[in-house]
Each structure stands twice: as structure tokens, then as C-alpha cells.
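Remarks on the structure that follows.
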Amino acid sequence: MNKPDTPVASNFIRNIIDDDLAANKNDGRVVTRFPPEPNGYLHIGHAKSICLNFGIAAQYNGQCNLRFDDTNPVKENEEFVNAIKADVEWLGFEWDNLKHASDYFDELYNFAVELIKQGKAYVESSSAEEMREMRGTLTEPGTESPYRNRSVEENLDLFARMKAGEFDDGEHVLRAKIDMASGNINMRDPTLYRIRKVDHVRTGKTWSIYPMYDYTHCLSDAMENITHSLCTLEFEDHRPLYDWVLDELKTPAHPQQIEFARLSLEYTILSKRNLIQLVEDKHVTGWDDPRMPTITGIRRRGYTPAAIRDFCDRIGITKNDAWIEMAVLETCIRDDLNEHSPRRMAVIDPIKVVITDLPDGYTETLSFANHPQNEAFGRRDIAFTKEIMIDADDFSENPPPKYQRLVPGGEVRLRGSYVIKCEEVIKNDAGDIVELRCTHDPATLGKKPEGRKVKGVVHWVSATEGVTAEVRLYDRLFNIENPASANTLEDALNPQSMVIHKQCCIEASLADAKPEERFQFERLGYFVADRFEHTNATPVFNRTVTLRDTWAK
RNA sequence: UGGGCCGUCGCCAAGCGGUUAAGGCACCGGGUUUUGAUCCCGGCAUUCGGAGGUUCGAAUCCUCCCGGCCCAGCCA
């Protein structure tokens, strides 16, 4: 994955691994894993973790597993499993092993029995509320449960009967016997197993008890011989428990958990709860809405896997609670698309321009480079005709200062064509501009006009040869940097996040675009043919990102 | 004194006792340009949350203080 000549950014995790390697820890192996719970769609924050885990494995010639953390059957399903696999693959990564925490349910059960036999785990029969009361608070120690000192025999018997399905949800729970007075609440006899009499996607009705994350994750890591278990900062407090389980069970391997800061991106939200709300309240069209920060949404927006990987490299890995500016992500996609996408012309909000000094039916074939810096993109022909379309905001009767486009009586260059002069503005009864009548300077094709300077260049499409298309202009979904801090998500929404233009005029060569094919529409931005709704008969393009614009509008 | 963690340029981020304190983004110039794009060139932290201390020498070590984040699921 990493090219040898691409230096990998230094970060504290790579430093730890370098030290481990130098000390010959783990016999020089590096094994990581990306462990999503299949209870939702992956988003850009997951991409950070994916790039980290798979990137490190690639850099150190190691391995990276994709492991579904499927220990809570009430929240997980197959749809999410398949979507996650597709997203990881689309991002360009290949897992060495595909695993599920549920693969280890038998081993996990046996380990739990072992813990009970050692007197390190017991069956709790208090209610959830009672347990909460006994847990204490952040500043006060907890109190020990009356069930804490049950005999090993009784615990073994009860746990076996929990497994056998003799009890209902909530009647009992298996707990680790650690320290109810610990300053770390995770160590106050955490729950290891709970009763859940529901079917599991993979194990069906086999189990009526399911292991908790803290108990499962460390053991799964150990069984997969993971060397470095990378997770986000909120699990720092869980590390003592991770280590406790592995120490008490004397597993052959003891992976090292290392925590890094999760991604926070300005003008978007990444919490599952908020994303679900956007979908359920129909503020977006679905998980794959091009405005969503999900991988599938970003993909539909037109982002490339390479741009997302580049983004993950640029933001780095630390333990700082960092907020990344949207400009970083946008720069990544512009850099990629600038280099790799062919140029085209499209008019979003057309006004008709009639070149009055051309004969009726006039057509001239003009040759255009598909990329201004790379001849390998080839050339294409575009028909220049008497009637063309230009974008409404490329003409102004009352132009602001330094306006370089078409004005009454003024001249402008038609990109790749002639310089035209606006002679007359035709309006309807309502006063709307319906047509511009212009003349052209025949001496300006491929040449600078003589005796004067014409600064502006405007894109255009033949009114008679162009094709009608729908173009969706997307912008950031929220108007404030941290939408989660608003009173409600609705308050933070950007009402202009999607503006649809159905009567756009695009150059004819765009008619055979395939879904997900990307282009730069000159002077406008980068656009992608919609993955799901674009057809050659009814073209639909999504704006991925605008071009950088240093002209103050 | 509940426990854990974090503070280097507007936003990220290298740096691990001796460097002129990398780099990217953003921003500000200037040049090229038939995309107000791209590209190029230049500018952008005498200072590392603050105060003390150790040291010939501190962003890097120590102490205290200030600010911020996480934790009381039978979620992950």
C-alpha cells in the first residue's frame, strides 16, 4: 500500500512500534485490526482508524484483520456488515483475515468458567438499578454486592444455567471480582456477560448469554495475536480492565492497547446518534446522501479513496482533541481531482447568447484539450454555434468592482473560442434577462485581441448542441463549526446545503458519462455523475467541491 | 487530592537535553496562465498554556498553577 518513496508521517504510535521492533518484542511481528461494531455505517472518522490500522500493517510488513465486534445482537445486522466490508474495500484496503467476535463465543465462555473457578468472577443477581446504586459515584467508592462471595460451585452452576437459557433477560449477570472501591469505575466489578434471549446474526439461537465489549475485545485481540490494539481515547480508562482480563487468564499473547484521538471535523457531526437523527428526520435523503460524512455519502459526493487516504495522512495521529478544518479535506480532493479529472464545460443557470454577426445555423468545430497540463488526456471537439448558453452570474448589468465577466457593451473571452461583445440585453415583461445579443471578433480565435486587453474568460455550451442535465450543488450540511453544540441539530443545518438545478446545459461529450465518472466543470468545480441516479438519458451530476476561489464575491 | 488523559503559529502537526522550533492547511503578497483554477516564487512562532526550578544549555527533565477532554450501560 505504501510506496517506498512515500515517507510515512511520524507519530507516537509508530514511535512505540519502532521501539518494540528495536527491542524485538513480538518477534518483530506487527498485527493490527479494525474492529467495527456492525450497527451502522462507517464514516470519515472510521476512515482515520482504517488508514491507521491498515497503514501500519502495510508499513511494517505486518497484517491487519477486519473484525466485526458483534457481541450485542440487538443492535447488529447483516446489512451493516456488508456495507462496512464494501466501504473498507472501496477505501483501497485488503484485510488479512475476516473475523467476528462471535467466532470466539465458545472460547470466551470457557475463559469465563476459568475465571469463576479462580474466584475472579461471580454471578450477580441484583437488578441493573441496584447495581448502579452499589457502583458508587465518581467521587465515592462503591459497595460490594451481597452476591459477591457466592461459592465457586454456585457460580459455576448459575452461569451454566444462564447459558442454558433458564433465566430471563436481566435476572443475572456475570461480573469480574476486582475492586468496588477503585477510582476507575471500570474496575468496580464490571459486567462480563449478560443474558439476551435474542437471535444472533451469525450464531442464531445458540446463545442466550452474550459477552461484553471489555471482556471480549482483549481476548479476541489475544486470540488473533494482535500486537498493537489501537482504539480511541475514551477507552483509556478501560485499558486496566483489558490488561486485567489478559493477566488473570494468562493468555499466550498480551496485545498492547494504545489510544489515539478520534476525528472531529468542523461543520459536520460524526456521532452515530446524530447521524441516525439526520436520516430519520429526513434532513438528508439517506445514509448515502452526498452531504453525509459517511463513507458511502462521501463516495457519492465524488470523493476518491486516494483523497480520503491523503486526508488521513495529513491530519496525523495524536492524543490531542483536535478539530480539523473542512479546508483540509477539500484541499485533498481538489489536489486529486485537479490532477486526475478531465475538463468539461457545463452551464448551471443558462442565459441564451445570440452571436448576431454569425449566419443562422452557423456551426464551427473547435478542439479542446481535456486537461490543461497533461496532454495524455487527449482532446475533444466542441461545436461552437450561433446560439450558446453562458451562466447567469457571468453577466452583470451592475457589476461589482473588479468584475471580469460580461457587462453591457463589454467584451469577454469565450473559453477556447472567440472574444464577444455584448451589444444588447433583451428582457421580458417582468424585467428578467432572457437573452444577450452579442457580436464576435473573428480575429480572436486562438489569438489575443489587438489593441486592447480582454481579461475575463467565460465558459459556455452550444444552445443547440448541448444536452440538458440535472446538477446538484452541494455545500456543507451545517452552518456552525460544531453542530453538536447547537440547541438542536435543526438549528445548525445549512438550508442551502443542496441546491438542485434541473435545466442545466452541459456539453454533448458529457452525455456518455458513466455513474461515478468525475470531471472538472471549468470555472465551477469538480462534479461526479451520480452513482445511483445518473443515466445517459437523464444525466445527474453532483458537485463534489468548488474550485478554489480567491475572488471575493 | 475520585480516576485517566491532553495543552508547540488561525487549524492540524514534527520535535524526545545542544536544530535558524520541520511540514501541511489557511492567510498575505508577486510571477505565469484563454479556468478569478492549476503551477511557480516569497512572507507567515526570538518562541513552545503560565510561573518557578535543575542544567554550561530546556519545547524537551522536576515542582506548582491555569485551561480543556473522558469515565458512574446488563452499549461499543
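Salt bridge status for A:Lys421 with A:Asp441: absent, with no side-chain N to carboxylate O gap under 4.0 Å. Salt-bridge formation is detected for the pair A:Glu411/A:Arg452: a Lys NZ or Arg NE/NH1/NH2 atom is positioned less than 4.0 Å from an Asp or Glu carboxylate oxygen. The residues A:Arg523 and A:Asp394 are annotated as salt-bridged, a charged nitrogen and a carboxylate oxygen being separated by less than 4.0 angstrom. Under the 4.0 Å criterion applied to side-chain N and carboxylate O atoms, A:Arg67 and A:Glu224 are assigned as salt-bridge partners.
B:G36 takes the anti form, because its glycosidic angle lies more than 90° either side of 0.
Checking A:Arg343, A:Arg380, A:Arg379 one by one against A:Asn370, the side chain to side chain donor-acceptor pair (under 3.5 Å) holds for a single residue, A:Arg380. Just one residue in the list A:Ile209, A:Thr216, A:Leu115 forms a side-chain contact (heavy atoms from CB on, under 4.5 Å) with A:Leu192, and that residue is A:Leu115.
B:G43 and B:A26: their C1' atoms are spaced 14 Å apart (whole Å). With C1' as the reference atom, B:U34 and B:G24 are 32 Å apart, rounded to whole Å. Taking atom P on both nucleotides, B:C16 is separated from B:G49 by 16 Å, rounded to a whole Å. B:G4 and B:G53 are spaced 27 Å apart, taking the C1' atom of each and rounding to whole Å. Distance check on atom C1': B:G15 versus B:G7 gives 15 Å, rounded to whole Å. Of the C1' atoms belonging to B:A13 and B:C6, the separation is 15 Å, rounded to the nearest Å. Using C1' as the reference atom, B:C9 and B:U46 are 14 Å apart when rounded to the nearest Å. For the C1' atom pair drawn from B:U19 and B:G57, the interatomic distance equals 13 Å after rounding to whole Å.
At a cut-off of 3.5 angstrom, the base of B:G4 holds no donor-acceptor pair with the side chain of A:Asn184. One donor-acceptor pair, N or O on each side, does fall under 3.5 Å between the base of B:G36 and the side chain of A:Arg405. Scanning atom types as modelled, one donor and one acceptor separated by under 3.5 angstrom connect the side chain of A:Arg343 and the base of B:U35. Remark: the A:Arg523 side chain and the B:U35 base include no donor-acceptor N/O pair separated by less than 3.5 Å. A donor-acceptor contact under 3.5 Å is formed by the side chain of A:Gln520 with the base of B:U35.
With distances taken from any side-chain atom of A:Thr331 to the nucleotides B:G36, B:C25, B:A76, the minimum falls on B:C25. Of all nucleotides listed (B:G7, B:G68, B:C74), B:G68 comes nearest to the side chain of A:Asp321. Distance from the side chain of A:Lys319 is smallest for B:C6 among the nucleotides B:C6, B:C71, B:G15. Side chain of A:Val457, nearest nucleotide from B:C12, B:C75, B:G36: B:G36. Relative to the side chain of A:Trp323, the nucleotides B:A37, B:C12, B:C71 differ in distance, and B:C12 lies closest. When distances run from any side-chain atom of A:Arg415 to the nucleotides B:G73, B:U34, B:G68, the shortest one goes to B:U34. Ranking B:C75, B:A37, B:A72 by closeness to the A:Arg132 side chain, first place goes to B:A72. Distances were taken from every side-chain heavy atom of A:Val328 (C-beta onward) to each of B:C25, B:G36, B:A76; the shortest belongs to B:C25. Checked against B:G36, B:G2, B:A13, the side chain of A:Lys402 finds its nearest nucleotide in B:G36. Between B:G24, B:C74, B:C12, one nucleotide has an atom nearer to the side chain of A:Arg314 than all others, and that is B:G24.
Nucleic acid contact class of A:Gln373 (heavy atoms, under 4.0 Å, all strands): base. Residue A:Glu325 is classed as a base contact, given a heavy-atom separation below 4.0 Å to a base. Note on A:Phe521: nothing from the nucleic acid sits closer than 4.0 angstrom, heavy atoms only. No engagement by A:Gly456 is indicated, since no non-hydrogen atom pair under 4.0 Å with the nucleic acid exists. When heavy atoms are screened at a 4.0 angstrom cut-off, A:Lys455 is found touching no nucleic acid atom at all. Note on A:Ala322: only backbone sugar-phosphate atoms sit closer than 4.0 angstrom, heavy atoms only; bases stay farther off. Heavy atoms of A:Asn338 sit under 4.0 angstrom from primed sugar atoms or phosphate atoms, though from no base atom. Looking at heavy-atom distances under 4.0 Å, A:Thr137 makes contact with a base. Among the protein residues, A:Phe235 comes within range of the nucleic acid bases, having at least one heavy atom under 4.0 Å from a base atom. Residue contacts shown for A:Leu233 are absent, as no nucleic acid heavy atom lies under 4.0 Å away. Looking at heavy-atom distances under 4.0 Å, A:Ile317 makes contact with sugar-phosphate atoms alone, never a base. Counting non-hydrogen atoms under 4.0 angstrom, A:Arg413 reaches a base of the nucleic acid. Using a 4.0 Å heavy-atom criterion, one finds that A:Thr546 contacts no nucleic acid atom at all. Here A:Asn11 lies in heavy-atom contact (under 4.0 Å) with sugar-phosphate atoms only.
For A:Ser182 and B:G3, the shortest distance from a side-chain N or O to OP1 or OP2 is not below 4.0 Å. OP1 or OP2 of B:A76 lies within a sub-4.0 Å distance of a side-chain N or O belonging to A:Arg194. Residue A:Thr191 has a polar side-chain atom (N or O) positioned under 4.0 Å from OP1 or OP2 of B:C74. Dashed line: the shortest gap from a side-chain N or O of A:Ser10 to OP1 or OP2 of B:A13 is not under 4.0 Å.
By the 6.0 Å and 45° rule, A:Lys402 does not stack over the aromatic ring of A:Trp551. Cation-pi geometry between A:Arg476 and A:Tyr267 is met: the NZ or CZ atom falls under 6.0 Å from the ring centre, inside 45° of the normal.
With rounding to whole Å, A:Asn482 atom CG is found 14 Å from B:G68 atom C1'. Following rounding to the nearest Å, A:Ile13 (CD1) and B:G15 (C1') show an atom-to-atom distance of 17 Å. In this structure, CG of A:Leu42 is placed 17 Å from P of B:A76, rounded to the nearest angstrom. Atom CD of A:Glu234 is separated from atom C1' of B:C71 by 10 Å (rounded to the nearest Å).
A stacking contact between A:Tyr213 and B:A76 is absent: the pair does not combine a ring-centre distance of less than 5.5 Å to the base's six-membered ring with planes differing by less than 30°.
Annotation: of the two residues near RNA chain B, A:His238 and A:Glu522, the 5′-most nearest-nucleotide partner is A:Glu522. A residue-by-residue look at A:Lys448 and A:Thr318 shows that A:Thr318 has its nearest nucleotide of RNA chain B further toward the 5' end.
Remark: B:U35 base-pairs with no nucleotide in the shown strands. Criterion, Watson-Crick or G-U wobble with two distances under 3.5 Å. Pair assignment for B:U46: none, as no Watson-Crick or G-U wobble contacts are both less than 3.5 Å. Across the strands present, B:G57 finds no partner; the criterion is a Watson-Crick or G-U wobble pair with both atom distances under 3.5 angstrom. Remark: B:G2 base-pairs with B:C71. Criterion, Watson-Crick or G-U wobble with two distances under 3.5 Å.
The aromatic rings of A:Phe384 and A:His440 are tilted relative to each other, their planes meeting at an angle between 30° and 60°.
Under the 4.5 Å side-chain criterion, counting only non-hydrogen atoms from C-beta, A:Phe68 is in contact with A:Lys85.
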